[in-house]
Amino acid sequence: MKRILLVLASMAAGLAVSTPALADLQLATAKNCMTCHAIDKKLVGPSYKDVAAKYAGQKDAADKLAAKIVKGGSGVWGPVPMPANPQVSPDEAKKLAAWVLTAK
């Protein structure tokens, strides 16, 4: 019985750790981010792993990315501009930016 409880507790801990990452992937999918971006490969825009690597160690990276998510941008990753995303709230943009920066 102790063994079963230990396994269940371990599984619950694993779900608690992975849930925010899954939730933010769901948010990225819901906001159509995954149409142009993928976690580990370039599509129309850069992969999230490449974005995380480019901004690694920058204190204001999450704020910069959140602003780009909402307002759009161009020139950083090549000639294809990223359109503005007015359907993404500032709070959602912060969650998405923080999630993107954890990609490895």
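All residue numbers in this chain count up from 1 along the given sequence.
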| request: Measure the CH2-NZ distance between Trp77 and Lys42 for me, rounded to the nearest 0.5 Å. | output: 10.0 Å
| message | To check you understand the geometry: which heavy-atom pair defines the closest contact between Lys64 and Gln58, and what is its length? | response | NZ-OE1, 3.1 Å
| query | At their closest point, which heavy atom of Pro81 faces which heavy atom of Ser74, and how far apart are they? | reply | CB-CB, 3.8 Å
| message | Tell me the closest heavy-atom pair linking Val51 and Val100, and the distance in Å. | response | CG1-CG1, 3.7 Å
| query | Any idea which heavy atoms bring Val88 and Ile69 closest together, and the distance? | reply | CG1-CG2, 4.0 Å
| query | Is any side-chain heavy atom of Lys54 closer than 4.5 Å to a side-chain heavy atom of Val76? | reply | yes
| query | For Ala66 and Ala93, which heavy atoms make the closest approach, and how far apart are they? | reply | O-CB, 3.6 Å
| query | Has Lys94 got more than 12 heavy atoms of other residues, nucleotides or ligands less than 6.0 Å from its NZ? | reply | no
| query | Would you say Tyr55 and Val70 are hydrophobically clustered, going by side-chain heavy atoms of ILVMFWY under 4.5 Å? | reply | no
| request: Taking all non-hydrogen atoms of both residues into account, name the closest pair between Met34 and Leu43 and its distance. | output: O-CD1, 4.0 Å
| message | Would you compute the distance between atom CD1 of Ile39 and atom CH2 of Trp99 and round it to the nearest 0.5 angstrom? | response | 4.5 Å
| query | Do Lys95 and Leu27 have side-chain heavy atoms sitting under 4.5 Å apart? | reply | yes
| Whether over 12 other heavy atoms sit under 6.0 Å from Lys71 NZ | no
| Side chain of Asn85, backbone of Pro83: donor and acceptor closer than 3.5 Å? | yes
| Interatomic distance, Met82 atom CE to Cys33 atom SG [nearest 0.5 angstrom] | 7.0 Å
